[in-house]
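Just below is one structure, and these are the notes that go with it.
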Amino acid sequence: MVKYGIDHPVERLKIQSAKNDDTIVLIQNGIYWNFENLKKLTDAEVVLLKEDFNARGYSDEDANVKLVDYNGLIEVIEKQEKFIG
């Protein structure tokens with residue numbers, strides 16, 4: 001889970017170290033990573049929490065990665081063996 005913005009070096013490290021079978025979830029201010037070229041940083045699947053994205057004034061059409069709602073977030077968490085918050 002990435003919850004801090006693009007100026008946070010630990011979040012960049014988490015994104016870069018994710019493996020291709022991992023899922024990165026952008027939440028809170030982590031939604032701003034949506035506007036970075038994430039394909040350059042990771043081969044992992046990246047999803048964006050819709051409620052946090054919309055709460056910051058963005059519409060669904062502004063998303064460059066898959067949007068998930070809270071139920072989708074729970075599904076992502078449940079399918080992963082472990083996660084880093």
Side-chain angles (χ1 to χ4, degrees):
M1 297 184 111
V2 173
K3 68 179 185 175
Y4 297 110
I6 59 173
D7 59 342
H8 201 280
V10 173
E11 299 295 42
R12 180 173 296 276
L13 181 62
K14 286 196 295 191
I15 290 170
Q16 290 174 328
S17 63
K19 297 181 177 91
N20 64 350
D21 58 342
D22 291 333
T23 302
I24 297 170
V25 181
L26 306 176
I27 63 170
Q28 298 175 2
N29 284 340
I31 64 98
Y32 296 111
W33 285 98
N34 171 71
F35 302 108
E36 295 294 303
N37 187 353
L38 290 169
K39 292 198 184 295
K40 256 181 139 174
L41 297 175
T42 186
D43 290 329
E45 177 186 14
V46 181
V47 298
L48 180 59
L49 187 61
K50 177 182 170 83
E51 287 81 0
D52 287 351
F53 194 60
N54 295 152
R56 284 159 178 79
Y58 296 103
S59 67
D60 293 359
E61 292 77 29
D62 296 321
N64 295 318
V65 296
K66 179 182 173 185
L67 289 168
V68 296
D69 59 12
Y70 284 114
N71 289 330
L73 174 62
I74 291 168
E75 289 175 18
V76 168
I77 291 170
E78 287 178 339
K79 81 174 188 176
Q80 297 298 320
E81 189 174 310
K82 41 184 148 167
F83 72 93
I84 300 171

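Residues: numbered from 1 along the sequence shown.
For the atom pair NZ of Lys14 and NE2 of His8, the computed distance is 8.0 Å after rounding to the nearest 0.5 Å. Note that CD1 of Ile15 and NZ of Lys40 are 14.5 Å apart. Values are rounded to the nearest 0.5 Å. Note: Ser59 OG to Lys50 NZ = 9.0 Å, rounded to the nearest 0.5 Å. To the nearest 0.5 Å, atoms OH (Tyr32) and CD1 (Ile6) are separated by 10.0 Å. The OG1 atom of Thr23 lies 11.5 Å from the CD atom of Glu75; values are rounded to the nearest 0.5 Å. Between the CG atom of Asp62 and the CZ atom of Phe53 there is a distance of 5.0 Å, given to the nearest 0.5 Å.
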Audit row: Arg56, Gln28, side-chain contact (heavy atoms from CB on, under 4.5 Å) steps and yes/no: CA-CA 9 Å; Arg56 284 159 178 79; Gln28 298 175 2; 4.0 Å; yes
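Under the 4.5 Å side-chain criterion, counting only non-hydrogen atoms from C-beta, Ile77 is in contact with Met1. Ile24 has its side chain within reach of Leu26: a pair of non-hydrogen atoms, C-beta onward, lies under 4.5 Å apart. Using a 4.5 Å heavy-atom threshold, the side chains of Val65 and Glu45 count as separate.
The only member of Asn34, Val47, Asn54, Asp60 that meets side chain to side chain contact (heavy atoms under 4.5 Å, CB included) when paired with Leu67 is Asp60.
Minimum heavy-atom separation, Ala63 to Leu48: CB-CD2, 3.9 Å.
A continuous path of Ile, Leu, Val, Met, Phe, Trp and Tyr side chains, each step under 4.5 Å between heavy atoms, connects Tyr70 with Val68, placing both in one hydrophobic cluster.
Using a distance-only test at 3.5 Å, with no hydrogens or angles considered, no donor-acceptor pair links the side chain of Asn29 to the main chain of Tyr4.
Ring planes of Tyr58 and Phe35: tilted class, angle from 30 to 60°.
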